[in-house]
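One structure is given here, and the rest of the page talks about it.
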Amino acid sequence: MMLVVRLLRGAVKRAGSRPPCSTERLISAARGISSSSQDFSAFGRTQSASCTDTDRPKILITGGLGQLGVGLAKLLRRRFGKDNVILSDIRKPPNHVYHNGPFIFSDILDYKNLREIVVNNNISWLVHYSAVLSAVGESNVSLAKEVNITGLHNILDIATEHGLRVFVPSTIGAFGPSSPRDPTPDLCVQRPRTIYGVSKVHAELMGEYYHHRYGLDFRCLRYPGIISADSQPGGGTTDYAVQIFHAAVKTGHFECNLRSDTRLPMMYIDDCLRATLEILEAPADTLASRTYNIHAMSFTPHDLTQEIQKVLPDLKVTYNVDPVRQAIAEGWPMALEDSAARRDWGWKHEYDLQELVQTMLTQINTGNHLAQAN
C-alpha cells in the first residue's frame, strides 16, 4: 500500500513537469488507471520523448566511494557534464574526489534522506553501487542483509515513484555450485550459498519484477571480478587479482589466499565502466532482457603470476588458502557466456590478460613515481 501511495504522490508532482528526455523514463500517471485502488498494472508503463542537447540526465551514484563509483562518475561527467553527476556515500570523500564534482552524503537505509536527494536534485538516472561484498558479508550477515536487501528496496521504491532509470550491478556471486560453470549462461540454475550472492539474485528478480509490474526502467549487469590500479580491495573473493600487482611492484612477493588453479572470470575496470555506460544508454527496445552477463577473460592465480613474471621475473608467489574464500570461489563461474549482451547492445571487451598486466603495472609504477615526487 505504501508503494501505491508513493506512486500516486509522485504522479501528481510530475503532472506539470517538462517532457522526459529520451534517455529517461517517466511513469505515466495519465493512462490506464482504474478507479479500483487495487488495479495498478498499467500505472507503471513508460513513455519517452525527444531530448535536446541541454536536456541531459541528472545522475546519482550511491556507494560512490567504492571500487567503481569514482571511475564511473568521471566517465559520466565527461559525457553529460560535471554538475549532472552526483556521487554519494556515507563516508567523507578524499579531497580530490570532493573537488572533482558534486558529492553528497546519502545513507540508502534512510528512505527520507534518499528521497529528498532524488527530488531536490531532479535525479533521472540512479546507479546503485552500495553493497557489502562477499567475504565481508559472510562475516557480518545481518549488515549484508540490511544494506544489500533493505537498501535495494528503498532504491526500487524511490526509482519507481519518480520514474528513474536505475542500474543495479549483479555479479558472478549470483551463481552457485549447481550452476553450469564453464561457461555460465544468462539463464540457468543459480542457488548461491553466500548472503552476497543471495542478495544479488534477489536484486535481479526484484528489479525485473518492478519492470514488468510497474514499468520501472531497471538495468543490470553481472560483473566478473573487477581489476583496477587505483582502488583498495573491499572484501571480495577476487581481491587477490588486484593485490598481486601492488605486491609485485612494491615487495616482489605475494601470498595468495586462493589455490593456484582457481579459475574465475575477470575484467579490467575500463571495460566494466564502459559496459555500464553502454547499458545505461541503450535504447529500451533493444534490451531483450533486464539482466545480462558480461565477460572479458578468465584466469587462475597461476596464469596471472606467469604473465606478471614476463615483466617482473623475480616475483615470488606463495599460497595460504583461506577456506572461506576458496569455498566461495569454487561455487562461482569459471567463465560467463555473454552472447546476449554482444548481440543486443553491442558489448565488446578490449582488455585481455596481456593488456591487463601491462596496463596495471604501468599505472602502479606511474602512481608510485608521482607519490615519490610529491
Side-chain angles (χ1 to χ4, degrees), residues 1-14 17 20 24-27 44 56-70 72-73 76-77 80 82-95 97-133 136-137 140 142-169 196 199-200 202-203 206-207 210 214 216-220 234 276 280:
M1 186 62 188
M2 286 301 297
L3 175 59
V4 171
V5 172
R6 293 168 189 163
L7 288 169
L8 291 171
R9 188 182 296 128
V12 172
K13 288 183 178 181
R14 292 192 300 275
S17 63
E24 303 171 22
R25 291 293 168 198
L26 180 64
I27 296 177
R56 297 178 176 181
K58 290 292 293 293
I59 306 167
L60 174 67
I61 303 174
T62 69
L65 297 182
Q67 182 184 27
L68 298 173
V70 174
L72 184 64
L76 293 173
R77 284 167 177 165
F80 300 117
K82 175 180 176 180
D83 293 331
N84 286 329
V85 181
I86 300 174
L87 268 180
S88 71
D89 212 306
I90 59 173
R91 295 179 288 141
K92 182 180 178 181
N95 285 335
V97 172
Y98 188 81
H99 293 296
N100 282 344
F103 180 90
I104 194 167
F105 173 89
S106 176
D107 181 354
I108 62 166
L109 298 178
D110 186 338
Y111 184 92
K112 182 179 178 182
N113 168 251
L114 186 60
R115 191 167 179 267
E116 286 175 348
I117 292 170
V118 167
V119 172
N120 292 342
N121 293 280
N122 195 29
I123 298 300
S124 50
W125 292 6
L126 199 161
V127 176
H128 180 51
Y129 275 147
S130 296
V132 175
L133 301 183
V136 172
N140 194 338
S142 60
L143 177 65
K145 288 193 299 182
E146 191 172 25
V147 173
N148 295 5
I149 297 178
T150 303
L152 170 79
H153 291 180
N154 289 341
I155 292 293
L156 293 179
D157 283 353
I158 290 170
T160 302
E161 177 186 0
H162 295 284
L164 310 186
R165 175 170 298 183
V166 61
F167 173 83
V168 179
Y196 176 60
S199 69
K200 285 303 182 181
H202 179 81
M206 286 296 292
Y210 270 60
Y214 301 113
L216 175 65
D217 191 353
F218 171 82
R219 301 168 184 224
C220 177
T276 303
L280 275 167

Pair Y196, V136 - check side-chain contact (heavy atoms from CB on, under 4.5 Å), show working.
CA-CA 9 Å; Y196 176 60; V136 172; over 6 Å; no
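- Salt-bridge formation is detected for the pair D217/R219: a Lys NZ or Arg NE/NH1/NH2 atom is positioned less than 4.0 Å from an Asp or Glu carboxylate oxygen.
- Between L280 and V127 there is a side-chain heavy-atom pair separated by less than 4.5 Å.
- Judged by distance alone, with hydrogens and angles left aside, the side-chain atoms of D89 form a donor-acceptor pair with the main-chain N or O of L65 at under 3.5 Å.
- Ring orientation note: the planes of W125 and F80 are nearly perpendicular, at an angle over 60° on the 30°/60° scale.
- Checking side-chain atoms of T150 against main-chain N and O of V147 turns up no donor-acceptor pair under 3.5 Å.
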Could you go step by step and tell me if Y210 and V166 meet the side-chain contact (heavy atoms from CB on, under 4.5 Å) rule?
CA-CA 11 Å; Y210 270 60; V166 61; over 6 Å; no
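- Residues K82 and H99 share a closest heavy-atom pair of NZ-O, 3.9 Å.
- Taking 4.5 Å as the limit, every side-chain heavy atom of H162 sits out of range of all side-chain heavy atoms of I123.
- Checked against side chain to side chain donor-acceptor pair (under 3.5 Å), D107 has no partners two or more places apart in sequence or in another chain.
- Looking at heavy atoms from C-beta onward, L114 lies in side-chain contact with I155 at the 4.5 angstrom threshold.
- When every heavy atom of D83 is checked against every heavy atom of K58, the shortest pair comes out as O-CE, 3.6 Å.
- Rounded to the nearest 0.5 angstrom, L133 CG and K200 NZ are separated by 8.5 Å.
- Between A144 and G137 the shortest heavy-atom distance is CB-CA, 4.0 Å.
- Here the shortest heavy-atom pairing between I61 and G69 reads CD1-O, 4.0 Å.
- Residue I90 comes nearest to F105 through the heavy atom pair CA-CE1, 3.6 Å, listed as atom of the first residue, atom of the second, then distance.
- Residues S130 and G63 share a closest heavy-atom pair of OG-N, 2.9 Å.
- Contact of the R77 side chain with the L87 side chain is registered, since non-hydrogen atoms from C-beta on lie closer than 4.5 Å.
- Looking only at side-chain heavy atoms (C-beta outward), S106 and E116 stay at 4.5 Å or farther from each other.
- In this structure, CD1 on I86 lies 9.5 Å from CG on N120, to the nearest 0.5 angstrom.
- The side-chain contact (heavy atoms from CB on, under 4.5 Å) test with I59 is passed by exactly one of V85, N84, L164: V85.
- Between atom CG of residue L126 and atom CD1 of residue I158 there is a gap of 8.0 Å, rounded to the nearest 0.5 Å.
- Ring orientation note: the planes of Y129 and F167 are nearly perpendicular, at an angle over 60° on the 30°/60° scale.
- Atoms CD and OH, from E161 and Y214 in turn, are 12.5 Å apart once rounded to the nearest 0.5 Å.
- Side-chain contact between I108 and H128 is present, with at least one heavy-atom pair separated by less than 4.5 Å.
- Between L60 and S88 there is a side-chain heavy-atom pair separated by less than 4.5 Å.
- Taking CG of L152 as the start and CG of D157 as the end, the distance is 9.0 Å to the nearest 0.5 Å.
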